[in-house]
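In this chain, residues are counted from 1 in sequence order. Just the heavy atoms: all of them, side chains too, but no hydrogens, waters or symmetry mates, feed the values below.
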Amino acid sequence: MIEVVTTDAAPNPIGPYSQAIKANGFVFATGQIPLDPTTQELVKGGIDRQTKRALQNVSSLLEAAGTSMRKVVRCVVYLKTMDDFAGMNEVYATFFREKPPVRTTIEASRLPMDCLIEIEATALE
């Protein structure tokens, strides 16, 4: 069974995809960029502010699906430049203090809306 998850607490999709999907005990949160869900605009600032906003968006999607950041098992982080790795990591660690999920971090030459970061997550229901 597949269930589409939507919430106003996270940005509206900017393409033909779902915010999140619940399937077979998992929640798949689509890649979140640092869009303010109220204004649908990128947050101003460097990697620290953009990482925080992207992770807040992920958290909002998971909460709408009935789960939380504590149940995340995997994240994929896309960075515009690996020069931002340390700054991203510092903020990321504040969201995953205990039992951090597995993670892949990739440098991407261009991200949506020319942002600095995109983060996707998979969690248990």
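- Closest approach of Pro101 and Cys75 over heavy atoms only: CG-SG, 4.2 Å.
- Partners of Thr38 according to the side-chain contact (heavy atoms from CB on, under 4.5 Å) rule, which considers only residues two or more places apart in sequence or in another chain, are Asp36.
- Grouped by direct or indirect side-chain proximity (heavy atoms under 4.5 Å, Ile/Leu/Val/Met/Phe/Trp/Tyr only), Ile21 sits with Ile2, Val4.
- Rounded to the nearest 0.5 Å, atoms CG (Asp8) and OG (Ser60) are 10.5 Å apart.
- Residues in residues 106-125 take part in no ring-ring contact (aromatic ring centres under 6.0 Å, His included) pair, two or more places apart or across chains.
- At least one side-chain heavy atom of Leu55 sits less than 4.5 Å from a side-chain heavy atom of Ile119.
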Kindly indicate, with the supporting measurements, whether the criterion side-chain contact (heavy atoms from CB on, under 4.5 Å) is fulfilled by Thr122 and Val27. CA-CA 6 Å; Thr122 304; Val27 176; over 6 Å; no
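- Atom CD of Gln40 sits about 8.0 Å away from atom CE of Met113, to the nearest 0.5 Å.
- With sequence neighbours excluded, the residues forming a side chain to side chain donor-acceptor pair (under 3.5 Å) with Thr105 are Arg103, listed by chain and number.
- Taking OG1 of Thr51 as the start and CG of Leu116 as the end, the distance is 8.0 Å to the nearest 0.5 Å.
- Among residue pairs with one or both ends in residues 9-29, those qualifying as side-chain hydrogen bond (donor to acceptor under 3.5 Å, both in side chains) are Lys22-Glu125; sequence neighbours excluded.
- Taking the side chain as every heavy atom from C-beta outward, Asn57 and Pro11 approach each other to under 4.5 Å.
- In this structure, the separation between OG1 on Thr7 and CG on Leu62 is 11.0 Å, given to the nearest 0.5 Å.
- The hydrophobic cluster of Val5 has no other members, since no ILVMFWY side-chain heavy atom comes under 4.5 Å of it.
- For Glu63, the side chain to side chain donor-acceptor pair (under 3.5 Å) criterion is met by Ser59, not counting sequence neighbours.
- Under the 4.5 Å side-chain heavy-atom criterion for ILVMFWY residues, a single connected hydrophobic cluster contains both Met69 and Val77.
- Applying the salt bridge (Lys or Arg N to Asp or Glu O under 4.0 Å) definition to pairs two or more places apart or across chains, none involves residues 73-92.
- Looking at residues two or more places apart in sequence or on another chain, you find a side-chain contact (heavy atoms from CB on, under 4.5 Å) between Leu124 and Phe26, Lys71, Val73.
- Rounding to the nearest 0.5 Å gives a distance of 8.5 Å between CD1 of Ile117 and CG of Leu111.
- Residues Ile33 and Val91 do not share a hydrophobic cluster, defined by chaining ILVMFWY side chains whose heavy atoms lie under 4.5 Å apart.
- Residue pairs satisfying the ring-ring contact (aromatic ring centres under 6.0 Å, His included) criterion with at least one member in residues 52-95, sequence neighbours excluded, are listed as follows: Tyr92-Phe96.
- Sorted by first and then second residue, the salt bridge (Lys or Arg N to Asp or Glu O under 4.0 Å) pairs with a member in residues 46-56 form an empty list; sequence neighbours excluded.
- Each salt bridge (Lys or Arg N to Asp or Glu O under 4.0 Å) pair with one or both residues in residues 114-124, not counting sequence neighbours, appears once here: Arg110-Asp114.
- Taking hydrophobic clusters as Ile, Leu, Val, Met, Phe, Trp and Tyr residues chained together by side-chain heavy-atom distances below 4.5 Å, Phe28 does not share a cluster with Leu61.
- Cluster annotation: Leu42 is not connected to Met88 through the hydrophobic network of ILVMFWY side chains, with a link wherever side-chain heavy atoms come within less than 4.5 Å.
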